Amino acid sequence: MRGSSAWVASLLQAHRAVALAASGLLYLLCLSGTLMVFHDEFARWEQPQISEFEQVTPAAVATAAAAGLARVDETPHHFFIGLPVSGMPRMTVTADAQSWYASADGQLLGPVHAPWRDWLETLHYYLTLPGVLGLTLVGSLGVMMMALVGSGLLALPRLFRDAFRLRLRRSSQLAWTDLHNRVGVWASPMFFAIALTGAAIGLASAVSQAMAPSFSEGDTAAFFAPIFGSDMEGGEAPAPLAPADRALTRFHAEYPDLIPWYVSYHEPATEGQSAEILAKHPRRLIYGDNYAFDDAGQLQEPLGLSNGPLGQQLIAAFYPLHFGSYGGLVIKAAYALLGLLACVVIHSGLRIWLFKRAQRGRPSPRLAAAWNAIVWGGLAALAVLLLVTRSGLLGGQSLIPLFWGLLVAVLVLSQWQPGLDLRRGLCNATALLIGFTLAWDVATHGLLHRLTVVHGVRGGLGLLLLLCLVLGWRRPGRRLSDGQQDGPVQPALSSASSS
């Protein structure tokens, strides 16, 4: 009997650990997603010396394409020319894994080097796991977030009566409960939409690998062909590159209201090449539509993302709806706020659970300490990576062990000293790291820079620095309704430790 009880206790401990890990990953996903909203702005900030321009001539695009192909030793499988658009007024040339910026006349400049932007993509898209495995985990967390939003709404019997109830001056438990419920309710439509689109994007690769053997003889690319089209297969013998300048000239004449975004090639400069223009559609939620062109630069009908079946158009809207890339800086700022609110909801949900456990006489001081380590340690670890990438100390794959190593170190510290006030120390450390990053950036590129986006990123980081200082210097919360302190001082209630 005693052995059975110990076995059940170990299972419960494992269950709590899994729940904490899942919540921690969901928190890191929302935190990285908040920053990912500004991934284009970060890329421009990381290389502020690159020339920017709003428009480019078709001849310059053709020049950039020829210069890019001349830089590679072998014919690339995929080849892209990114055209300047609002939010990213730069031209890029990408040949498989290599990418360069180009000037307004089509001459190649330096390589694209944005390690901080790339790290955010690695963390948010894949949680640093390889390929399909990472996408599947992220998609599964999106499903979990959808379930949490739905079950949370169903669990509130007085949903409308308490819609504006916010008791921030009462006990810490009531304050956190009201904050969790009110934010969760009011933001639930967007939380659900972002979770749904994230789940669809993340799980799409896993679904294609599972279903392709039955529907497309194992070809995952063919599985997506009805929605995103497919590349033509043909001979590998050399041939002239399909003329992007002619295609763009015809495109501007036939579709003057659309905005060319990318010119892409599959197996460029071969007899089997295929080429297309991806164009933005203003005032549409879709990310764009593809317009193929042939070896003479003649345009074909659009793929259908803008005028095809409703399902195809809905899927084309998933990407902008998830990342907030459809309405300029105002929408991006709103999405960043939503991301912060999602972090608040996740954090407050765990705090409420820990409060209730403590009130039932089952405090979990080490679990509470571990949660604080994830919340504030994750923020501090990102600040470390911001500094080392911006200063050029590290980049690429080396950032993965650094990030998780820092997070594990904070977790170990939290279990060694569960009564330690991690919030204050880690928030102050985060503010200090951001301050060092801003100081390095100003010292390197000057206080007054020609690019407005540089000042915008600096201003955003400055606001984050001030927020961390406020959180770092805020005293532990007031006493709970039963007279016990909300903070790490009382071991019996350390499960409700300082946020």
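Every value quoted in this text rests on a predicted model; they were computed, and no experiment measured them.
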Is the closest side-chain heavy-atom distance between [X] and [Y] below 4.5 Å?
X: Leu341; Y: Phe191; answer: yes
X: Trp371; Y: Ile346; answer: yes
X: Leu350; Y: Val375; answer: no
X: Asn428; Y: Leu469; answer: yes
X: Trp353; Y: Ser23; answer: no
X: Pro320; Y: Ile286; answer: no
X: His322; Y: Ile201; answer: yes
X: Trp376; Y: Val410; answer: no

So which heavy atom on [X] is nearest to which on [Y], and how close?
X: Leu321; Y: Tyr326; result: CA-CE2, 4.1 Å
X: Leu461; Y: Ile434; result: O-CG2, 3.5 Å
X: Thr430; Y: Cys468; result: CG2-SG, 3.6 Å
X: Pro111; Y: Gln47; result: O-NE2, 3.0 Å
X: Tyr27; Y: Cys343; result: CE1-CB, 3.8 Å
X: Thr94; Y: Asp96; result: CG2-O, 3.4 Å

What is the distance from atom [atom1] of [X] to atom [atom2] of [Y], rounded to the nearest 0.5 Å?
X: Asn290; Y: Glu276; atom1: CG; atom2: CD; value: 4.0 Å
X: Phe436; Y: Leu386; atom1: CZ; atom2: CG; value: 13.0 Å
X: Leu305; Y: Leu314; atom1: CG; atom2: CG; value: 11.5 Å
X: Leu433; Y: Leu438; atom1: CG; atom2: CG; value: 11.0 Å
X: Asn307; Y: Gln313; atom1: CG; atom2: CD; value: 6.5 Å
X: Leu465; Y: Cys427; atom1: CG; atom2: SG; value: 11.0 Å

Any side-chain to backbone donor/acceptor pair from [X] onto [Y]? Under 3.5 Å, distance only.
X: Glu54; Y: Ser86; value: no
X: Asp289; Y: Ser306; value: yes
X: Arg424; Y: Gly472; value: yes
X: Gln415; Y: Ala369; value: no
X: His281; Y: Gly288; value: no
X: His39; Y: Met36; value: yes
X: Arg450; Y: Pro48; value: yes

Problem - Pair Leu379-Leu426, side-chain contact (heavy atoms from CB on, under 4.5 Å): steps then yes or no - result: CA-CA 8 Å; Leu379 186 62; Leu426 289 172; over 6 Å; no
Could you tabulate the donor-acceptor pairs under 3.5 Å formed by side-chain atoms of residues 112-121, not counting sequence neighbours?
none

Practice task
Scan for salt bridge (Lys or Arg N to Asp or Glu O under 4.0 Å) pairs involving residues 454-472, sequence neighbours excluded, and state none if there are none.
Solution key: Asp441-Arg458
Handout entry: Qualifying salt bridge (Lys or Arg N to Asp or Glu O under 4.0 Å) pairs with a residue from residues 22-40, counting only residues at least two apart or across chains
Key = none
Practice task
Apply the side chain to side chain contact (heavy atoms under 4.5 Å, CB included) test between Ser414 and each candidate in Ile374, Leu422, Leu367, Asn372; give the one that qualifies.
Solution key: Leu422
Practice task
In sequence, state the C-alpha distance, the side-chain angles, and the governing distance for Leu29 and His124, and then conclude on side-chain contact (heavy atoms from CB on, under 4.5 Å).
Solution key: CA-CA 6 Å; Leu29 198 63; His124 187 69; 3.8 Å; yes
Practice task
May I have the step-by-step check of side-chain contact (heavy atoms from CB on, under 4.5 Å) for Leu258 and Phe251, ending in yes or no?
Solution key: CA-CA 9 Å; Leu258 304 186; Phe251 185 87; 3.9 Å; yes
Problem - side-chain contact (heavy atoms from CB on, under 4.5 Å) between Trp45 and Val453, worked out - result: CA-CA 7 Å; Trp45 171 65; Val453 69; 5.6 Å; no
